[in-house]
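Okay, structure first, notes after.
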Number of protein chains: 2
Amino acid sequence: MKKYLTLFSVLLIIGFHANAQDDADAFKIKEIFEVAMTKGECYENLRFLTKKVGPRLSGTTGAAAAVEYGRQSFHKMGFDSVWLQPCMVPHWERGAQESASIVASQTIGTYQLNAIALGGSGGSGLVGVTAPVVEVKSLDEAKELGSKLKGKIVFYNRPMDPTQFSTFAAYGGAVDQRVWGPKIAAQFGAVGAVVRSMTTRLDDVPHTGSTVFNEGVEPIPAIAISTRDANLLSEVLKKEAVRINIRTFCEWLPKEPSFNVVGEIKGSEFPDEIILVGGHLDSWDVNEGAHDDGSGVVQALEVINIFKQLGIRPKRTIRCVWFMNEENGQAGAIAYADWSNGIPENHIAAIESDRGGFTPRGFTSEGDESTYLKNFKRVKAWESLLAPYHLRIGKGGSGADISRLKPQKGILFGLQPDSQRYFDFHHAPNDVFENVNQRELELGAASMAALVYLLDKYGL
Amino acid sequence: MKKYLTLFSVLLIIGFHANAQDDADAFKIKEIFEVAMTKGECYENLRFLTKKVGPRLSGTTGAAAAVEYGRQSFHKMGFDSVWLQPCMVPHWERGAQESASIVASQTIGTYQLNAIALGGSGGSGLVGVTAPVVEVKSLDEAKELGSKLKGKIVFYNRPMDPTQFSTFAAYGGAVDQRVWGPKIAAQFGAVGAVVRSMTTRLDDVPHTGSTVFNEGVEPIPAIAISTRDANLLSEVLKKEAVRINIRTFCEWLPKEPSFNVVGEIKGSEFPDEIILVGGHLDSWDVNEGAHDDGSGVVQALEVINIFKQLGIRPKRTIRCVWFMNEENGQAGAIAYADWSNGIPENHIAAIESDRGGFTPRGFTSEGDESTYLKNFKRVKAWESLLAPYHLRIGKGGSGADISRLKPQKGILFGLQPDSQRYFDFHHAPNDVFENVNQRELELGAASMAALVYLLDKYGL
């Protein structure tokens with residue numbers, strides 16, 4: 001009987017201890033959210049980054065200013081060390097304002113399209129290119145037409161599927177047209193390409209993004225047009241053959257030196273175990289990059305601010321990285337991974353925020369297959385601590401800037417905000433500070449800080 | 001052995017059947033979401049209601065127009081029957097544009113406040129009331145000051161708590177100041193009241209809402225001011241005593257006849273079992289009532305549209321109700337409950353949408369305590385079918401328009417959207433169509449339709 005009692009007591013103590021631990025963690029996470037929503041700095045940091053620094057496409061003066069802003073911000077934050085990690089970035093510039101019009105149509109006369117040149121596309125010069133339009137719904141359809149595209153402007157018009165619950169899934173199902181469509185058009189001798197903007201919204205806002213010309217294919221003028229104009233152009237094409245004039249002034253310039261901004265707080269017990277938080281500092285040139293990815297970088301830095309405010313001295317090394325050149329080359333991500341994997345370092349975890357500053361719903365995660373399931377099971381057990389904030393931990397991608405760290409066999413997370421509104425703003429002129437909600441932004445930062453707190457405390 | 005085999009076979013068949021059933025339901029719910037997002041009418045209906053009908057405070061011509069718009073919309077939708085259910089509603093009008101200023105302060109001179117009269121408050125006339133300001137943080141503090149408030153303007157300035165994850169909880173913790181503060185001020189002889197706007201945002205937008213004068217208390221002028229101005233006024237009061245001038249032209253007019261709009265599809269098997277979907281048709285007079293509660297009414301009607309598009313003939317009676325006068329009296333809700341409970345009818349379930357047209361996260365539910373837990377357990381079992389759309393079924397309130405149906409012992413749901421942005425717009429001039437996102441609105445409608453589908457198919 002005594003033996004049983006002793007065993008019972010031990011179980012009781014263990015049980016009590018586990019609960020007390022859980023309570024302490026729950027309390028700390030509550031504090032993290034409270035600090036984020038009362039003493040948070042990320043919203044004001046985002047205001048500065050978007051309104052004072054502004055657009056910051058890789059290779060431009062805006063991006064250089066952003067790096068300097070990052071360096072100063074990191075120093076102010078009181079990291080143990082701050083450094084700039086060099087990388088060579090592509091330098092594409094839009095030049096003067098582009099334009100595109102349907103020319104002298106029988107149906108609607110001359111009609112100015114809401115258009116925006118795609119990043120990486122070629123310039124047409126002052127006169128522009130004018131050619132008949134061929135509408136297709138897929139890359140395969142373009143390839144089948146093959147030599148019939150010679151001298152034409154190819155119009156890729158497959159919409160994002162609105163029935164996908166995740167707008168990222170809908171984006172993934174349509175964006176091949178923007179990424180590869182212009183190159184395929186060029187390979188068959190087309191003189192220009194038009195792509196339906198990547199959004200499920202029906203509006204007048206054109207969305208840019210990268211298009212890829214490689215294998216010695218000379219960039220041709222390529223534009224995105226608004227979804228409403230894409231529908232209109234398609235309607236007109238049902239009635240008559242029409243020609244479009246595209247005028248763009250884009251050009252490729254020599255590569256430029258640039259940098260990731262890196263700050264680190266050395267772990268007090270396990271300094272070699274690194275937990276990374278990050279986002280990307282560069283943005284497209286047509287907006288303030290407020291959701292993409294101003295939100296991500298200020299949230300990553302906010303994790304440090306929250307730890308500082310709460311006086312949490314991490315046991316493991318916390319590193320904050322503002323990556324350069326996610327949008328059109330990922331030179332920063334490559335430089336970081338080459339360096340870190342080369343040493344090799346030991347990132348036990350990394351969290352990227354690059355899906356907009358919307359209400360967080362949790363994290364997706366991935367990792368090297370040799371360790372992922374074990375790691376996933378471990379962090380999944382923390383979900384009940386995150387449940388009060390409606391956060392789940394699931395499987396899925398992490399992010400373009402950290403996924404190259406898989407060889408270090410840690411676990412890689414992507415913050416997963418509500419995705420419904422992201423593609424209203426993505427790569428478009430309306431991705432501005434005013435369209436980011438303070439509470440949503442702060443909740444995302446707090447969610448990241450809560451996960452970092454658990455990763456730091458318990459490790460993998 | 002044969003016996004075992006037979007038992008095994010039976011279990012297998014039951015198991016298979018259950019899975020097949022689940023699969024069929026999962027497929028139907030997928031169709032519901034697809035129809036909502038491709039053939040949905042709620043977004044365009046909301047455009048009409050907000051842009052063509054516009055503001056529709058009870059008793060006003062706007063509300064009468066909204067009822068007629070509802071009647072016509074319901075007839076077009078092809079209900080089995082449509083009727084207007086009468087109720088007598090209060091009629092308060094704002095009159096000419098209100099204004100409020102800090103008068104001749106040493107610190108900032110004369111300063112125009114961003115102000116909006118509270119619904120139900122009294123008019124000051126052309127000259128307005130001018131009096132010294134007394135700042136308090138609670139009703140209790142006002143009561144303690146008691147007779148010291150005589151001749152003064154009482155300024156209620158306790159902010160909504162930003163650390164509450166649910167903004168509705170934060171609202172609930174502060175709104176007593178708006179609802180009862182002006183009356184308490186009047187009771188102690190104050191000549192006016194100023195209330196900090198009910199939002200966690202720091203901005204220049206004032207938010208109205210109802211204030212209650214009863215027990216023979218004559219309404220005094222009462223305004224809400226923007227949060228930024230509330231902070232400013234508080235700052236000035238730290239430096240000096242200041243006076244405010246409030247000018248409002250509000251008045252109470254005789255009650256007006258009005259209506260709930262009701263449409264019904266008779267159940268094919270259990271016509272006496274009613275499933276209600278609803279929202280409220282009235283709005284405040286200073287905005288388009290887009291989130292509050294245009295979204296709710298068009299979502300409720302959309303449930304019927306989705307069923308029609310999918311050719312679902314319900315087994316139980318589906319009733320759609322656009323309630324009148326939720327904002328300042330709930331005369332419509334009372335008329336409906338009195339009539340329905342009096343018969344008595346049998347609402348096995350009711351779903352209200354009145355928390356904004358944001359991404360749905362699930363439903364809260366309540367009911368008569370004699371049946372609620374059993375009912376909750378039953379519907380909770382359907383959660384896995386709703387999980388692909390990130391919907392949860394929890395406990396909590398349903399809504400002001402349906403909660404009086406509890407005596408019928410069904411289960412009452414409130415659609416629960418993400419709450420983070422609701423109080424950016426609530427009762428404020430910026431609650432307009434442009435601030436509602438189409439996908440979020442449609443997902444809410446689909447969520448309601450999915451739950452109605454399950455309630456209709458399986459009952460309680």
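Chain identifiers are assigned alphabetically (A, B, ...) following the order of the sequence lines, protein sequences preceding nucleic acid strands; residue numbering begins at 1 within each chain.
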> After noting the C-alpha distance and the side-chain angles of B/Arg439 and A/Asp424, does the key distance pass the side-chain contact (heavy atoms from CB on, under 4.5 Å) rule?
Replying inline: CA-CA 10 Å; B/Arg439 287 180 66 86; A/Asp424 293 5; 5.7 Å; no

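For A/Arg361, the salt bridge (Lys or Arg N to Asp or Glu O under 4.0 Å) criterion is met by A/Asp418, not counting sequence neighbours.
Within residues 379-393 of chain A, the residues having any heavy atom closer than 4.5 Å to a heavy atom of chain B are A/Pro388, A/Tyr389, A/His390, A/Arg392, listed by residue number. Within residues 440-449 of chain B, the residues approaching chain A closer than 4.5 Å by heavy atoms are, in numerical order, B/Glu440, B/Leu443. The contact list for residues 294-308 of chain B toward chain A, using heavy atoms and a distance under 4.5 Å, is empty.
Counting heavy-atom pairs closer than 4.5 Å to chain B, the top-ranked of the candidates A/Met37, A/Gln164, A/Arg421, A/Glu34 is A/Arg421. For the set B/Thr167, B/Asp161, B/Thr163, the count of heavy-atom pairs under 4.5 angstrom toward chain A peaks at B/Thr163.
The number of heavy-atom neighbours closer than 6.0 Å to NZ of A/Lys51, taken from other residues, nucleotides and ligands shown, is above 12.
Contact check for A/Leu202 versus B/Gln438: no side-chain heavy atoms found under the 4.5 Å cut-off.
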